[in-house]
Amino acid sequence: MASSMMRQFGLCAAGVLACASLAQAWGEEGHQIVGTIAMTRLTPQARAAIIELLGNDDLAKAGLWADQIRGDSKYDWAKPYHYINLPRTAEMIDLSRDCPTGECVVAAIPKFLAKAADPSLPIDERREALKFAVHFIGDLHQPLHAGYKDDLGGNRIQIVAFGGTEAETKTNLHALWDSVLIRHRSRGEWRTLAGEIAASAPPDLVASWQSNLDSVDWANESAAITRMVYKDLPTDQRVGETYYEANIATVMRRLAAGGVRMAAILNRTFAQHEPAKPVETAGGSGQGAPAREDPGQVAPAN
Ligand code: ADE
Ligand code: ZN
Ligand code: ZN
């Protein structure tokens with residue numbers, strides 16, 4: 001057993017609850033960082049629409065839901081929506097080849113955004129659609145979510161990360177890019193890291209990211225990075241500080257692009273949103289925020 005797993009097990013033995021929250025946080029940081037960056041860039045209309053749909057939850061928390069329901073067979077239909085696979089020899093995504101039935105992350109994003117903004121649909125359906133869309137926007141910015149079917153987007157490639165050190169982790173190539181590299185950078189302080197990424201994103205890159213809200217292009221960017229990841233994969237499948245130093249800027253850039261684009265596409269989606277009218281109460285002024293029940297009880301996003 002890896003020493004890091006031994007240490008985790010030790011923590012788990014100390015308290016089942018502590019273990020559960022640790023296990024949940026591990027691997028979720030990317031979605032929380034992307035959602036946190038997006039929250040800072042919303043227009044008032046988009047913010048109002050999101051509050052109406054999500055209540056007290058923010059985008060950092062909402063982005064976790066689609067992974068939390070993965071064990072629920074009621075949602076098995078959504079499993080292929082988390083990624084798109086393309087042939088190893090392909091330079092570009094071809095939707096008629098790689099997503100012929102529309103069941104892939106590239107098609108899922110516009111589909112669920114449209115549902116989230118459709119006032120004719122029941123509110124519960126719109127809420128779920130928004131949570132799916134937010135999650136899939138994050139997923140598509142993780143390069144290996146535009147990957148190869150034969151190894152399940154790198155899930156079948158065993159990796160030892162930071163071997164022989166305190167941080168040694170037996171993992172796989174997909175999880176390395178989903179979470180291990182991020183966590184090595186954040187040391188668990190994902191909110192701090194989200195702030196640093198948002199503050200350091202170059203304005204010209206931000207402008208170019210938000211000017212392109214086509215999920216096919218996002219997938220092509222990810223696929224280009226995926227090709228590089230496979231080209232640079234060490235033959236002994238061991239990665240350490242050198243690999244981390246060579247790739248962490250790419251990971252940070254994808255998190256920044258995901259957050260900026262999440263906000264931009266939500267701002268566009270909800271541009272026509274009309275805030276729900278405040279409910280008139282007897283003797284009340286009819287003023288005030290309708291969606292948040294009690295501002296004093298806003299739950300911290302975790
Ligand atoms: N399962 C199959 N292909 C996958 C991919 N590219 N990303 C995540 N999960 C997958
Ligand atoms: Zn996912
Ligand atoms: Zn993943």
Side-chain angles (χ1 to χ4, degrees), residues 23-35 38 59-72 74-90 92-95 97-109 111-113 128-159 161 169 171-184 190 215-216 218-230 233 247 250-251 254-255 257-259 261-262:
Q24 201 176 54
W26 183 236
E28 308 292 3
E29 290 198 346
H31 285 290
Q32 290 173 308
I33 291 168
V34 168
L59 296 172
K61 185 162 184 208
L64 302 178
W65 174 81
D67 274 343
Q68 289 162 350
I69 49 98
R70 276 182 111 153
D72 182 345
K74 183 174 125 203
Y75 291 104
D76 275 356
W77 54 267
K79 289 196 166 147
Y81 286 59
H82 291 254
Y83 55 87
I84 186 165
N85 286 321
L86 66 164
R88 282 180 188 265
T89 50
M92 304 285 269
I93 303 280
D94 172 348
L95 287 182
R97 176 193 62 204
D98 305 325
C99 188
T101 59
E103 293 164 289
C104 71
V105 64
V106 173
I109 290 168
K111 182 173 116 168
F112 284 107
L113 285 172
E128 279 199 6
L130 178 59
K131 290 192 286 189
F132 271 131
V134 164
H135 179 88
F136 295 145
I137 292 165
D139 271 354
L140 187 49
H141 283 82
Q142 202 279 56
L144 292 167
H145 281 248
Y148 309 128
K149 186 175 168 192
D150 55 28
D151 67 9
L152 305 180
N155 275 294
R156 286 195 175 138
I157 298 185
Q158 298 308 304
I159 294 282
T169 310
T171 186
N172 66 64
L173 185 63
H174 189 97
L176 178 71
W177 280 77
D178 255 1
S179 55
V180 176
L181 293 171
I182 298 173
R183 197 160 174 93
H184 197 66
W190 63 265
S215 58
V216 179
W218 304 351
N220 277 319
E221 292 168 1
S222 275
I225 300 169
T226 291
R227 279 196 293 281
M228 183 242 359
V229 168
Y230 280 82
L233 193 65
N247 290 289
T250 301
V251 176
R254 293 306 281 166
L255 293 170
R261 282 163 167 168
M262 183 183 291

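Ligands are counted one by one from 1 in listed order, and the atoms in each one are counted from 1 as well. We're numbering straight along the sequence, starting at 1.
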Show me which atoms of ligand 1 lie under 4.0 Å from any heavy atom of Gly153. 3 (N), 4 (C), 5 (C), 6 (N)

Nearest to atom 9 (N) of ligand 1, what protein heavy atom do you find, and at what distance? Tyr83 CD2, 3.4 Å

Checking distances from the Zn ion (ligand 3), one finds that the N, O or S atom of His174 closest to it is NE2

Indicate yes or no: does an N/O atom of Ala146 lie under 3.5 Å from an N/O atom of ligand 1? no

Flag side-chain contact, heavy atom, 4.5 Å: Asp151 against Arg88: yes

Tell me: protein heavy atom nearest atom 8 (C) of ligand 1, and distance? His174 CE1, 3.4 Å

Check this for me - ligand 1, Asn85, N or O atoms closer than 3.5 angstrom, yes or no? yes

Backbone N or O of Trp65 within a donor-acceptor pair of the His135 side chain at under 3.5 Å? no

Within a radius of less than 6.0 Å around CE of Met228, do more than 12 heavy atoms belonging to other residues, nucleotides or ligands occur? yes

Non-hydrogen atoms of Tyr230 and Leu144 that approach each other most closely: CE1-CD2, 3.7 Å

Salt bridge or not for Lys74 and Glu128, using N-O below 4.0 Å? no

For Arg254 and His141, indicate whether the former's side chain and the latter's backbone hold a donor-acceptor pair under 3.5 Å. yes

Row for the Zn ion (ligand 2): angle OD2 (Asp139) to ND1 (His82), 10° precision, value 100°

His135 near the Zn ion (ligand 2) via N/O/S, less than 2.8 Å: yes

Where the Zn ion (ligand 3) is the centre, what is the NE2-to-OD2 angle for His145 and Asp178, rounded to 10°? 160°

Using a strict cut-off of 4.0 Å, indicate which atoms of ligand 1 neighbour a heavy atom of Leu144. 5 (C), 6 (N), 7 (N)

Decide yes or no for Ile69 and Phe132: does some side-chain heavy atom of the first lie under 4.5 Å from some side-chain heavy atom of the second? yes

